[in-house]
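Here the structure is laid out as structure tokens; the discussion comes afterwards.
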Amino acid sequence: METIEKTQTAITDSELSEQIKAATKDSHVRAENTELMLSYQRGNVSLRQYQLLLCSLYKIYEALEEALDRNASHDAVAPIYFPQELARLESIEKDLKHFYGQNWKEKITVPAATLRYAQRLREVGRDHPEYLVAHAYTRYLGDLSGGQVLGRITQKSLGLKNGEGLSFFSFPGVSSPNLFKQLYRSRMNSIELTETQRNGVLQEAVTAFELNIQVFNELQDSVSCVSETENEMRQRHTQHKQNTTTTAGDEALQSSSSLMPRFLRTLLGVSVVLAVGMVYAF
Ligand code: HEM
């Protein structure tokens, strides 16, 4: 109880950029530990994972940037409105065109969690523009932080050349991500908020992380589901081939080989190699 009070006092004493970081600390850890982000950290992201991520990001940034544009002159939005430096929608479009071709719009998949996220962004833009800072912070500062590492991993894992398909990670208008983040934080701190609004922003930032986590989990589930189905199909295909092509003799050979212990099979293999070697030697 005392610790909670101490933490809350510490949070209310500091500026918005520090408060928001403290309020979302645990959520950040949870986001980093989603299966999708763990595959990234292991350095093995698949093309399918990346394509699906881009599809979701398209819908998310479409809603976020529409809400920011519409509220650009709002007192709580103007200080953190940086379309030249940060806007991602066109970059994502470019990447989607690269992977899906000209008619990419007809091909993209938009799962339920992504729709929920986009819907929340529209609600916030309409009913609580002062909360937009929480969403802009979560996405853009994330993109300029761990996101930069994710870009390098995507490039390496998928062997993408000349930045093709990687525009999302590239911020040509930001020469130093660290300096830009400092500027962004100071702009966040200049926003005037009542106590209630400030608490609302902090709560909304936690929600923003949660919405991201749900998007990642749903994406990962669909990828795992597809690969499981693929495996099952592959297994069925192999079984079918075996059933249709094996002769009685083959069957005997197969059953004997599956019954024979592994070390005996290895020993037999080594003997055959030695025997063949000796025939060639002499
Ligand atoms: C593999 C996953 C991730 C890694 C390795 C990672 C890593 C990092 C690191 C090292 C920082 C600190 C940068 C600094 O202090 O300047 C950071 C900051 C941040 N990350 Fe992540 N991150 C990951 C995922 C995410 C996700 C999924 C989100 C949100 C959707 C996110 C949002 C943020 C935000 C908003 C910040 C700025 C914190 C602040 O300075 O207030 N990160 N991340």
Side-chain angles (χ1 to χ4, degrees), residues 10-11 14-46 49-50 52-65 68 79-80 82 85-86 88 92 111 113-114 116-118 120-121 124 131-158 166 168-169 171 174-191 198 201-220 223:
I11 286 178
S14 55
E15 297 187 288
L16 182 63
S17 67
E18 290 169 43
Q19 293 174 338
I20 207 164
K21 188 170 186 169
T24 56
K25 196 168 176 258
D26 292 348
S27 308
H28 190 274
V29 173
R30 293 206 306 115
E32 275 180 289
N33 286 310
T34 53
E35 273 308 311
L36 181 68
M37 290 299 126
L38 288 174
S39 341
Y40 257 104
Q41 290 169 83
R42 287 184 208 114
N44 57 10
V45 61
S46 70
Q49 279 171 315
Y50 182 50
L52 288 177
L53 183 61
L54 283 174
C55 292
S56 288
L57 290 175
Y58 179 78
K59 285 287 160 194
I60 294 163
Y61 282 94
E62 181 184 48
L64 175 63
E65 291 174 3
L68 288 170
I80 50 109
F82 287 99
E85 292 81 357
L86 298 178
R88 299 290 78 209
I92 304 172
T114 303
R116 281 200 298 277
Y117 192 170
R120 179 63 192 156
L121 286 163
V124 167
Y131 292 175
L132 281 174
V133 60
H135 285 281
Y137 161 84
T138 304
R139 282 301 337 166
Y140 294 127
L141 255 59
D143 296 337
L144 288 172
S145 306
Q148 294 301 290
V149 182
L150 302 191
R152 288 191 283 278
I153 295 172
T154 309
Q155 187 268 318
K156 272 196 187 153
S157 300
L158 306 181
L166 295 165
F168 170 67
F169 300 105
F171 287 83
V174 176
S175 44
S176 158
N178 279 336
L179 284 180
F180 188 86
K181 281 192 286 182
Q182 276 177 29
L183 168 70
Y184 198 91
R185 288 186 193 111
S186 74
R187 293 293 191 85
M188 286 172 74
N189 297 339
S190 76
I191 300 173
R198 187 168 289 250
V201 169
L202 299 183
Q203 185 53 51
E204 192 64 30
V206 174
T207 304
F209 269 86
E210 187 52 43
L211 289 165
N212 276 278
I213 291 169
Q214 288 175 11
V215 167
F216 300 156
N217 286 343
E218 193 176 30
L219 189 161
Q220 193 57 35
V223 172

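Counting starts at 1 for both ligands and their atoms, in listed order. Numbering starts at 1 and runs along the sequence shown.
R120 is linked by a salt bridge (Lys or Arg N to Asp or Glu O under 4.0 Å) to E123, E204, counting only residues two or more places apart in sequence or in another chain. Under the rule for a ring pair (Phe, Tyr, Trp, His ring centres under 6.0 Å), F171 has no partner lying at least two apart in sequence or in another chain.
Identified under the ring-ring contact (aromatic ring centres under 6.0 Å, His included) test for residues 132-154, with sequence neighbours left out: Y61-Y140.
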Below 3.5 Å only, please: the N or O atoms of ligand 1 paired with protein N or O atoms, distance on each line.
{"from": "ligand 1", "atom 1": "16 (O)", "to": "K181", "atom 2": "NZ", "distance (Å)": "2.8"}
{"from": "ligand 1", "atom 1": "20 (N)", "to": "H28", "atom 2": "NE2", "distance (Å)": "2.9"}
{"from": "ligand 1", "atom 1": "22 (N)", "to": "H28", "atom 2": "NE2", "distance (Å)": "3.0"}
{"from": "ligand 1", "atom 1": "40 (O)", "to": "R185", "atom 2": "NH2", "distance (Å)": "2.7"}
{"from": "ligand 1", "atom 1": "41 (O)", "to": "Y137", "atom 2": "OH", "distance (Å)": "2.6"}
{"from": "ligand 1", "atom 1": "42 (N)", "to": "H28", "atom 2": "NE2", "distance (Å)": "2.9"}
{"from": "ligand 1", "atom 1": "43 (N)", "to": "H28", "atom 2": "NE2", "distance (Å)": "3.0"}

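Closest approach of A208 and Y117 over heavy atoms only: O-OH, 4.2 Å.
Judged by distance alone, the side chain of R185 and the main-chain N or O of S17 form no donor-acceptor pair under 3.5 Å.
Side-chain N/O atoms of S39 and Q49 include a donor and acceptor closer than 3.5 Å.
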